[in-house]
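Report on the following structure.
Just so you know, ligand 1 is whichever comes first in the structure, and atom 1 is the first atom listed for that ligand. Residue numbers count from 1 along this sequence. What you see below is based on every heavy atom in this structure, not just the backbone, and it leaves out hydrogens, waters and symmetry mates. Nothing here was measured: the structure is a model prediction, and the numbers come from that model.
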Amino acid sequence: MPKRTHPLDIADPPSYQPDKRASSLSLLAIFVLFNLWYISSLLLTPSSFRNVISVPLHAQETLEKCRALHIKPGVPEDFHNRVKSDRYEEGTTKTVIIRNATVWTGGVKGLEVVKGDVLLEGGIIKSVGVDIDEDELAKLEGSKDMKVINGNGRWLTPGIIDVHSHLGVGSSPELHGASDGNSFKGPILPWLRSLDGINTHDDGYANAVAGGLTTALILPGSANAIGGQGFVIKPRPTKERSPTSFLLEPPFNLNSSYEGQVPSRWRHIKHACGENPSSAYQNTRMDTAWAFRQAYDTARKIKDSQDEYCEKALAGDWDGVAGKEFPESLQWEALVDVLRGRVKVQTHCYEAIDIDNFVRLSNEFQFPVAAFHHAHEAWLVPDVLKRAYEHPPAIAMFAAFARYKREGYRHSEFAPRILADNDIDVVMKSDHNAIVSRYLIHEAAQAHYWGLDENIALASVTTTSAKVLGLEHRIGYVKVGYDADVVLWDSHPLALGATPVQVFIDGIPQIANPHTVFKPAALQSAPETPNYDKEAEEAIRYEGLPPLLPLGLNTTSTVVFANISSIFSRDRTGNVVEKFVASSTEGRATVVVQDGQIVCEQLASSSSCDHFLPSLPLEYRIINLKGGTLQPGLVSAGSSIGLSHISLDDSTSDGQVYNPLVGPIPSIAGGDGYLARAVDGLQFASRDALLAYRAGVTTAVTSPQHASFVGGLSTAFALGALYGLEVGAVVRNVVALHVTLAHGDVPGISTEIAALRKYVLHPPSGDAERLVGRLRKGEIPLVVGTNNADIIATIVNLKEELEAEIGNKIKVTIVGGAEAHILAQELARADVGVLLTPPRPYPYTWDHRRVLAGLPLTNESAIAHLVRAGVTVGLGPQGIQGSPLLSSWAVRNARFDAGWALLDSPDLLSRSDAYALVSSNVEKLFGLRTDPYQSDLVASEEGDLLSFEGKVRAVISSRRKKVDIFE
Ligand SMILES: *[C@@H]1O[C@H](CO)[C@@H](O)[C@H](O)[C@H]1NC(C)=O
Ligand SMILES: *[C@@H]1O[C@H](CO)[C@@H](O)[C@H](O)[C@H]1NC(C)=O
Ligand SMILES: *[C@@H]1O[C@H](CO)[C@@H](O)[C@H](O)[C@H]1NC(C)=O
Ligand SMILES: *[C@@H]1O[C@H](CO)[C@@H](O)[C@H](O)[C@H]1NC(C)=O
């Protein structure tokens, strides 16, 4: 007899340690069963029949298992006959009619829009676009379980679906000991399940739903090559209050180890290539690739032995398998299922090298890949994607979050459109809370701004995501019979700052008392975004690193800006003012710039600037702004832009300062009197800096990198400069003294405050004495990075105490400020301003937990609340967890953050105020008053910086004596 492979025999690879106890128990069981069967056959069978094949006791179960091996995931035949969702909960809203909606259904490749009523009942969509008869409505309205909502023609879409989230496994607020996203027990852990780590008390759920999120795939982290199985949830509260009750179509083997139903349901598994699994296990890419192959080899052997075993069993050849157990392994069954095509493989892979490597794996072991996640280089290798086993993987990505490690360095904001042009499925994902999943629609909107078609952009967070999850039979469309997960929006969902008016999950309205604001009619259609064809083409040509430096026109050049519809500039005190707004297309302005300075403004047809032009047209440039705007250059603070090129790679970074509270500072560095200055570590022309410059941010304030306590002195520099010795490259050498305070610091807050008090009152001799001296005179501000209201209160008290001791006012600014709204009045009274970072606060940690969530959950945003109280407010970048290190990529989005703030508070803020949030207010907060005539101006084409329509064409800088032009 040929030697048969048995699962227990293939346990030799070093990484596979079978559970010895379980194995010997099952061997014992086989032995006992075999003997029972043998003895009973001797007793009960007449001797003449003893050679007839005997069937083992558990034959039936074995046969079922064998048949189950070939069951494929799919949709039960009668699924679409359902009248009620399996997730419908008795006692919740029974019927909802949304009248007069503009429905983006997801159908016809995302091009179908239907107007009319939508009826939700029993957790499913009962009708779409069929106007419900008034009589019938009256009849229905009599029943108390009925809810009628007037859509007022607003957009209604399927609920937002996130294919990559860590909601629940990395909870908010994140407490120590509550991080269940990664196991570090080994690079290959296919037997782990994210479900086992899903916390039901994550503040992130309600927050996400407020942005329209209705479904999310919860994945383990990426510390492992195979991190475990993912589970799809709907993030709404349930009666049962358990993680299990959040699940959407979980696999049938959830609470048994075997899946017998026909058809089966999709499972998900997380894989990761590249830096993360490498660094967690001190591996190289080669080690990780081998770990994959070894794991899949193990799974393949089990699969082959199952098939061989079952071929005999199903043919009734029980002798052929006599004495052998059905080959299976609870540890490896998930990977065996991958090989059987029953698992959606969700793979975190960034670079071409990793994608190629994984595509090779998929072909070697013959399994399809559902999606590559992050995949910052996928857009460069569409042909590699097309070589993947069975079908090209979808690409699940961020819009703009990039360059934080080598793997993300060649990201392009044009990646979504380039992939779509190559017929690759495009999905935007949050990796919550890398991007807060509440703002996933904003990722799609940014992708649209950079050129992804409207229908594909909307699909990228709805229908395409549903496809990637294998759930397109029930979510991702507004279609009869689908889950009643829909969002009614206050504007077109791809408009800047689009916010839900109501969100339904399983037909249940999720926002108890939604707050809305009036949105301009123009926002009811998709933004008319600029043309970036040339830039997208260059991105490919330069393999992700297109030259970003502008064409600089120096002092001798004259530039004429024509066809300008609005001008915002600085008044004598530096405040932003509306200088000109054209009342008609005819009445547009012309501005002439020489030496980087405006020399003539033709604001009315009666005036003319012709006499300022050189005699030869060759000697000047005309830039037709096509109805665009001149506006202040934006000023960013709160990130570490300028101190690194790749923030997580210290070989590209300035590095951390000493914390004087943690250890003695070498005397050669200055001992206690040491103070690091960011200006000494500046690196110019990083890609983050130049991309921000191309988005109208001309100046940044950056402080040395530090974790806690005194962080040194910040500097202000020009984002468009090539190197530090250029004219105007450094705007101000020393800007402010920085301190960062958070619960969890070692030593703790009260020690840090005691030290800070002493530091200001009795500065150690050396640099500290001189520079703290300037702080004591009110010449440079004390900037305190903190989020917690109690710490902020302590700082307000400390300011008063120090002022009393010193005898004059000092300037104090809060950076972060997640909970600052709680003491807005007191901050205004104490003249302590806030650089809100991120601008839409999120309860990341305990210190952030009492955020003011903003529309539609609260009647105003944190920004509006602070402004209304009279606090000077600036906006810092969105960033990641408010970490300056992971925020420099987001500096470019300052314009959108300001535009969004304006749209959220139309009754409170003017356009000038919105610009101020990201320019003059930031300058005030950092004591960076500059000569208004030296302030930069940004010229944008076809729109302004505050919208998804303007494109930056030029920066006019009198400080740098030049005009930079982007062609
Ligand atoms: C739908 O709402 C729009 C906007 O409010 C309105 O102009 C239109 O008349 C409404 N249509 C119906 C059928 O009520
Ligand atoms: C097993 O899990 C499924 C899916 O959630 C559930 O419907 C079923 O009731 C569970 N069975 C038992 C016995 O708990
Ligand atoms: C200044 O501009 C002129 C005209 O465009 C050019 O010839 C000259 O080289 C420029 N000088 C510098 C220093 O860039
Ligand atoms: C001014 O801009 C508009 C777009 O707003 C464009 O249609 C028009 O042709 C431009 N005028 C000139 C003279 O170029």
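Taking a cutoff of 4.0 Å between a charged side-chain nitrogen and a carboxylate oxygen, R474 and D483 qualify as a salt bridge.
Residue-ligand proximity, R588 to ligand 4, at heavy-atom distances under 4.0 Å covers atoms 1 (C), 2 (O), 3 (C), 4 (C), 5 (O). Below 4.0 Å from some heavy atom of N624 lie the following atoms of ligand 4, by number and element: 12 (C), 14 (O).
Separation of the Y449 and F896 ring centroids falls under the 6.0 Å cut-off. For an aromatic pair to be called close, the ring centres must be under 6.0 Å apart, and F966 with Y693 satisfies this.
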Please table the atom pairs, donor to acceptor, closer than 3.5 Å between any side-chain atom in residues 938-948 and protein atoms at least two apart or in another chain.
from	atom 1	to	atom 2	distance (Å)
S940	OG	T629	O	3.4
S940	OG	Q631	NE2	2.9
S940	OG	G943	O	2.7
E941	OE2	R953	NH1	2.9
D944	OD1	L946	N	3.0
D944	OD1	S947	N	3.2
D944	OD1	S947	OG	3.3
D944	OD2	R911	NE	3.4
D944	OD2	R911	NH2	2.8
S947	OG	D944	O	3.3
S947	OG	E949	N	3.0

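Taking the six-membered ring for Trp and thresholds of 30 and 60 degrees, Y477 and Y482 have ring planes more than 60 degrees apart, a perpendicular arrangement. The aromatic rings of Y532 and F414 sit tilted, their planes meeting at an angle between 30° and 60°.
In terms of polar-atom proximity, defined here as any N/O pair under 3.5 Å, T585 makes no such contact with ligand 4.
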Given Q524 and H492, is the side chain to side chain donor-acceptor pair (under 3.5 Å) satisfied, shown in steps? CA-CA 5 Å; Q524 297 304 332; H492 188 283; over 6 Å; no
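Side-chain N/O atoms of E578 and S912 include no donor and acceptor closer than 3.5 Å.
Residue-ligand proximity: E942 is placed with every non-hydrogen atom at 4.0 Å or more from ligand 4.
Within 4.0 Å of ligand 1, protein heavy atoms belong to N100, N152, G153, listed by chain and number.
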